[in-house]
Number of protein chains: 2
Amino acid sequence: MEKQYNLSKNQKIILNLIVKSTEPLKAYSILYNVQKKGIKAPLQVYRALDKLVEIGKIHKIESRNAFIACQNSSCQISKATAFSICESCEKVSEISNSKLSKYLSNFTDEAGMKYNKYNLEFFGLCKKCKTS
Amino acid sequence: MEKQYNLSKNQKIILNLIVKSTEPLKAYSILYNVQKKGIKAPLQVYRALDKLVEIGKIHKIESRNAFIACQNSSCQISKATAFSICESCEKVSEISNSKLSKYLSNFTDEAGMKYNKYNLEFFGLCKKCKTS
DNA sequence: CTTATAAATGTTATATTATTACATAATGTT
DNA sequence: AACATTATGTAATAATATAACATTTATAAG
């Protein structure tokens, strides 16, 4: 059974914006976009972002300091994330590949250590940018 | 044949500091540590860091905004990086696992796309932190 | 339903990370 | 030597993120 979260007002506003966006959003760009809705300060944005990341509704693209909505139906996979990033147009997609996630979730290093979380970012050129 | 790079004065100073460090260093911490050697401004640090990353002598730990020396003898693998990060003590190690790097370098997504670069960060508890 | 607790908010100030712009100097190439 | 490339120096500022504190709202326990 999936745990239910009742998102707060700010969390809903910000999640909505991110879900509607076709590209990763940066914190201050989010701020500018929600100021008319009463969210005035960076901290209000960062707090909502932190929570949304924590519950897996969004992910942070670390190399870009930007946030995208989780593409997985269940949004439970905040501990095992993989993205493809186009180095030309900056398009970002979440990769859902069960083989990959199994491989990485089960990965054991030389010292026999397993990890409870990972984040993987692939870089290259997307179809569009490759042909143009 | 491996390309030779003649590092500049600032690049050498900063690489040296990072190589000697047992933990990832942040840009401004580097700055404070090299001010006595005449490097006075953030930009001087960032420029050297950019170059060192580019040629594979160091790597940026994206989730920490910090830099560590490359652990691979040849330092040629700046396009395929994997790290383990302890969420308690923040110890970071570079993972050199040929199976893993092969798997990821050959990874093809659902659309048949391959990537020329990736960065992977594993999170967990290191041995020390797990037992204490 | 009211008390206790946890979670979220609002606000100001500030810390941290990174880049722009412009002038100059050193190095490498032909 | 002339040219191009790379690196440096310096000042200013942009972009990203957190600390500290007061208050309010939601949730859970009795």
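Remember, it's a predicted structure, so these values are computed and weren't measured experimentally. So you know, we letter chains A, B, ... as the sequences are listed, proteins then strands, and number each from 1.
In summary, the side chains of A:N119 and A:E62 do not present any donor paired with an acceptor at a separation below 3.5 Å, with no hydrogens or angles considered.
Note on ring orientation: taking the six-membered ring where Trp is involved, the planes of B:Y103 and B:F107 are tilted (angle from 30° to 60°).
Atoms CG (A:N65) and P (D:dT16) sit 6 Å apart, rounded to a whole Å. At whole-Å resolution of the value, CZ in B:R47 and C1' in C:dA26 are 13 Å apart. Straight-line distance from the CD atom of B:E62 to the P atom of D:dT16: 14 Å, rounded to whole Å. In this entry the distance linking CZ of B:R64 with P of C:dT17 reads 13 Å, nearest Å. If you measure from atom OH of B:Y46 to atom P of D:dT13, you get 18 Å, rounded to the nearest angstrom. One atom, CD1 of A:I13, and another, C1' of C:dA8, lie 13 Å apart when rounded to the nearest Å. Rounded to whole angstrom, the span from the CG atom of A:L43 across to the P atom of D:dA19 amounts to 9 Å. As rounded to whole Å, 9 Å separates atom P of C:dA8 from atom CG of A:L7.
Side-chain N/O atoms of B:K51 include none lying less than 4.0 angstrom from OP1 or OP2 on D:dT8. The phosphate of C:dT11 has OP1 or OP2 within less than 4.0 Å of a side-chain N or O from A:K40. In this model, the phosphate group of D:dT8 is not approached by any side-chain N or O of B:Q44 to a distance below 4.0 Å at OP1 or OP2.
For an aromatic pair to be called close, the ring centres must be under 6.0 Å apart, and A:Y118 with B:F123 fails this.
For a distance-only test at 3.5 Å, the side chain of A:Y28 fails to qualify as a donor-acceptor partner of the base of D:dA14.
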